[in-house]
Amino acid sequence: MNLNLLLNRYCLRTTKIITIFIIVVFCSVTMNLTDFRDNSLLKLQVGGPFLGGMEAVQEAQEYILIQVEQTEEAGSRRRRTQQVLYNWTIPLHSQRSDQILRTRTFEMVSSAPILISVQAFLLDSQVVPLSMTHQSLFVTVETQVLMAGLILAGVYVLIIFEIVHRTLAAMLGSLAALAALAFIGDRPSLMTVVEWIDYETLALLFGMMILVAIFSETGFFDYCAVKAYQLSRGRVWPMIIILCLIAAVLSAFLDNVTTMMLFTPVTIRLCEVLNLDPRHVLIAEVIFTNIGGAATAVGDPPNVIIVSNQDLRKKGIDFASFTGYMFLGICLVLLTSFPFLRMLYWNKKLYNKESSEIVELKHEILVWRQTAHRINPASREETAVKCLLMQKVLNLESLLHKKLKTFQRQISQEDKNWEHNIQELQKKHRITDKILLVKCLTVLGVVIFMFFLNSFVPAIHLDLGWIAILGALWLLVLADIQDFEIILHRVEWATLLFFAALFVLMEALAQLQLIDYIGEQTAVLIKAVPEDERLAIAIILVMWVSALASSLIDNIPFTAAMIPVLINLSQDADVNLPVKPLIFALAMGACLGGNGTLIGASANVVCAGIAEQHGYGFSFMEFFRLGFPMMLMTCTIGMCYLLATHIGLGWNT
């Protein structure tokens, strides 16, 4: 029986490896194939001093007219001559300063020669600098969207069923998306692919990882865990609610990722002290971090994109009005989220099933085994160290086996001896390096202060990533770190690589028209609704499309793509919709939708990566079982708030 089971596992593993390898080879070959079919689409990208807004197109006095013309003579393929002609009008900015890129795709008849002409209609004789690039594509937009959908579904299958690590899944998805772009004739260069990566986010993650790694050397996280245990008086749920509330408030003003990087180590140590399973507590925290981030204009990247848009500022959506409206709605969402979280966790066993001694022993075995596997036996000494570590693992496993034999389960939902335990824990968990702690708190305080200034003072030209990198450099110098390898080992390289691959994947899917297609289809559905019900249906549709899309794909490119769609929709005389309710529905859905899946928000992935490094990693489905119901509930409350204020009270209409 055991032999058959091992044989089946070996066959499945071999089949998985061969299948994935064949797909990788196929994608690699496809990326380097030459063009071999007739063109069906022409993609034009024009750069120049264009107007950034949508509302000034009709009123513009200066503009350029681009004509795309193709004629195919009668022959063996066609009985009569066929001609297509497209006119593309782009309004010009009077200052001739900013260079804005505009892209449009035209459907062609065949691979026959194409005539592109440009005419400028100007009030004076000034020079207008223009740039133009063109690419010939081979498939229709619908086919591109289908390919993008299949690739995204494949990535989710790999992650949900844990066929490969999520980082490798994102890398495979990126490769497949790049191969799809090459297949349709839109093969990007290596330089272009590198530019798709959001280095500010990676710099923010790397800098904060360094800060947290040095911070953990002071014993501060252990100290905070003991203090939280003391405040909770041995009661679990008051402690969880306090942690979630603090995380939500902090994330409203700080970046969600920063909040979770500071909170995750404290939570893990606290759960170890209380003999709790950290996974459920961490998932609850990251859910409330995403909810709290939606409350202000700087709490979540989609909100930042919205308040930074010049066209929306002209419509009255600025920092103060946006924050005021969203803050009230998110407060209502938070009030209903805590009881719902308690319901979700009603039958969850938050306490570990074994005693804290056995749990700590199991965790110690896991950490020693991971440490041994990370050693690359390049020398005889390293080989000896790895053997010693594996021997220690075997000894600990033998000790664990003996303890499990004599263990009798004794679990209490409230620690009756918490006062005695506090005294023991305070002796065991103290601040180990007070001087280093002062340095860490000083640097971290400056970094967080700079984060605030960056959000509220436009004169500061440092991005969040630069601030985090500078803070890490300051602390590395002040802490006088001698063994730099130890600090680098605590950096979540797999998480950083996952985000880099995810950025490439999402941009490639955007190039395959997936995000634009979702926005256009949403607009088509809204236009089909009767006028007296149009605003209510539009709010509901934008809200839920944004939420579901943001739980599956990155909410940053989705928000950026939806803003011009909604602005155009509000300016359409046949639709007659105000823009503010649509934008608030987009913001609410994009932020709250991040709780739907593990890769729906950056904070989810960062929290999972840190937890995995500490030996408490949680899977896609573990997060989905708690996060998706919370997403549905919070989005429902947010939708009711939007409908009550815009339809019932007539706000912002």
Looking only at side chains, do N604 and N595 share a donor and an acceptor under 3.5 Å apart? no

Pair L341, L626 - check side chain to side chain contact (heavy atoms under 4.5 Å, CB included), show working. CA-CA 8 Å; L341 180 72; L626 297 171; over 6 Å; no

Looking at every heavy atom in both G471 and L211, which two are closest together, and how far apart are they? O-CD2, 3.6 Å

Nearest heavy atoms of M588 and Y641, plus distance in Å: CE-CD2, 4.0 Å

Ignoring hydrogens and angles, tell me if any N or O in the side chain of H614 forms a donor-acceptor pair with the backbone of Y616 under 3.5 Å. no

Contact summary for A297 and V307, nearest pair of heavy atoms: CB-CG1, 3.6 Å

With side chain to side chain contact (heavy atoms under 4.5 Å, CB included) as the test, would you mind laying out the steps for H489 and I486 before giving the verdict? CA-CA 5 Å; H489 274 305; I486 294 177; 5.7 Å; no

With heavy-atom distances below 4.5 Å as the criterion, would you say the side chains of W544 and L632 are in contact? yes

Under 6.0 Å between the ring centres of F620 and F161? no

Quick check on M630: does its CE atom have over 12 non-hydrogen neighbours (other residues, nucleotides or ligands) under 6.0 Å away? yes

K439 side chain to L478 main-chain N or O, any donor-acceptor pair under 3.5 Å? yes

Distance col, row I214:CD1 vs L436:CG, nearest 0.5 angstrom, shows 7.5 Å

Do I184 and Q144 come close enough that some side-chain heavy atom pair is under 4.5 Å? yes

Counting heavy atoms not belonging to F327, are there more than 12 under 6.0 Å from its CZ? no

What's the spacing between I291 CD1 and C331 SG if we round to 0.5 Å? 12.0 Å

Less than 4.5 Å apart, any side-chain heavy atom of F215 and any of P265? no

Is the shortest distance from a Lys or Arg side-chain nitrogen in E612 or R166 to a carboxylate oxygen in the other one below 4.0 Å? yes

Can a donor-acceptor pair be found, under 3.5 Å and without considering hydrogens, that links the side chain of D186 to the backbone of A182? no

Does S251 use its side chain to pair, donor to acceptor, with the backbone of T289 at less than 3.5 Å? yes

Does V542 offer a backbone N or O that forms a donor-acceptor pair with the side chain of S546 under 3.5 Å? yes

Atom pair CG/CZ of L505 and F499 - distance to nearest 0.5 Å: 13.0 Å

F338 vs F288 aromatic rings, parallel, tilted or perpendicular, using cut-offs 30° and 60°? parallel

From L282 CG over to I268 CD1, what is the distance, rounded to the nearest 0.5 angstrom? 5.5 Å

Between F498 and W493, is the gap from one ring center to the other below 6.0 Å? no

Gap between atom CD of E285 and atom CD1 of I246 - 0.5 Å precision: 9.0 Å

If we only count heavy atoms from C-beta on, is the L582 to L586 side-chain gap below 4.5 Å? no

Is there a donor-acceptor pair under 3.5 Å between the side chain of Y156 and the backbone N or O of L552? yes

Please lay out, stage by stage, how C440 and L475 fare under the test side chain to side chain contact (heavy atoms under 4.5 Å, CB included). CA-CA 7 Å; C440 290; L475 192 53; 3.9 Å; yes

Would a 4.5 Å heavy-atom cut-off, applied to side chains only, mark Q45 and L101 as touching? yes

Can you see which heavy atom on N303 is nearest to which on A294, and at what distance? ND2-O, 3.4 Å

Rounded to the nearest 0.5 Å, how far does CE of M208 lie from OG1 of T259? 9.0 Å

S174 (side chain) donor-acceptor with A501 (main chain) under 3.5 angstrom: yes

With a cut-off of 6.0 Å (strictly less than), are more than 12 heavy atoms of other residues, nucleotides or ligands near CH2 of W466? no

So do F206 and T201 actually touch side chain to side chain, heavy atoms under 4.5 Å? no

Are the charged groups of R490 and E485 less than 4.0 angstrom apart, N to O? no

If we only count heavy atoms from C-beta on, is the L512 to V145 side-chain gap below 4.5 Å? no

Do F50 and R102 come close enough that some side-chain heavy atom pair is under 4.5 Å? yes

When you measure from the side chain of S550 to the backbone N and O of A547, does any donor-acceptor pair fall under 3.5 Å? no

Has the side chain of S551 got a donor or acceptor atom that lies under 3.5 Å from a matching backbone atom of L548? yes

Shortest non-hydrogen contact between T30 and A179, atoms and distance: CG2-O, 3.6 Å

Which pair of non-hydrogen atoms, one from A587 and one from F322, has the smallest distance, and what is that distance? CB-CZ, 3.7 Å

For the side chain of Q513 and the backbone of Q511, is there at least one donor-acceptor N/O pair under 3.5 Å apart? yes

Assess, by modelled atom type and distance only, whether the side chains of T264 and T267 contain a donor and an acceptor separated by less than 3.5 Å. no

Member of I610, L502, T495, L205 meeting the side-chain contact (heavy atoms from CB on, under 4.5 Å) criterion with V605: T495

Checking F618 against F623 for the side chain to side chain contact (heavy atoms under 4.5 Å, CB included) test, could you report, in this order, the C-alpha distance in whole Å, the side-chain angles of both residues, the deciding distance, and whether it holds? CA-CA 7 Å; F618 46 86; F623 185 92; 4.0 Å; yes

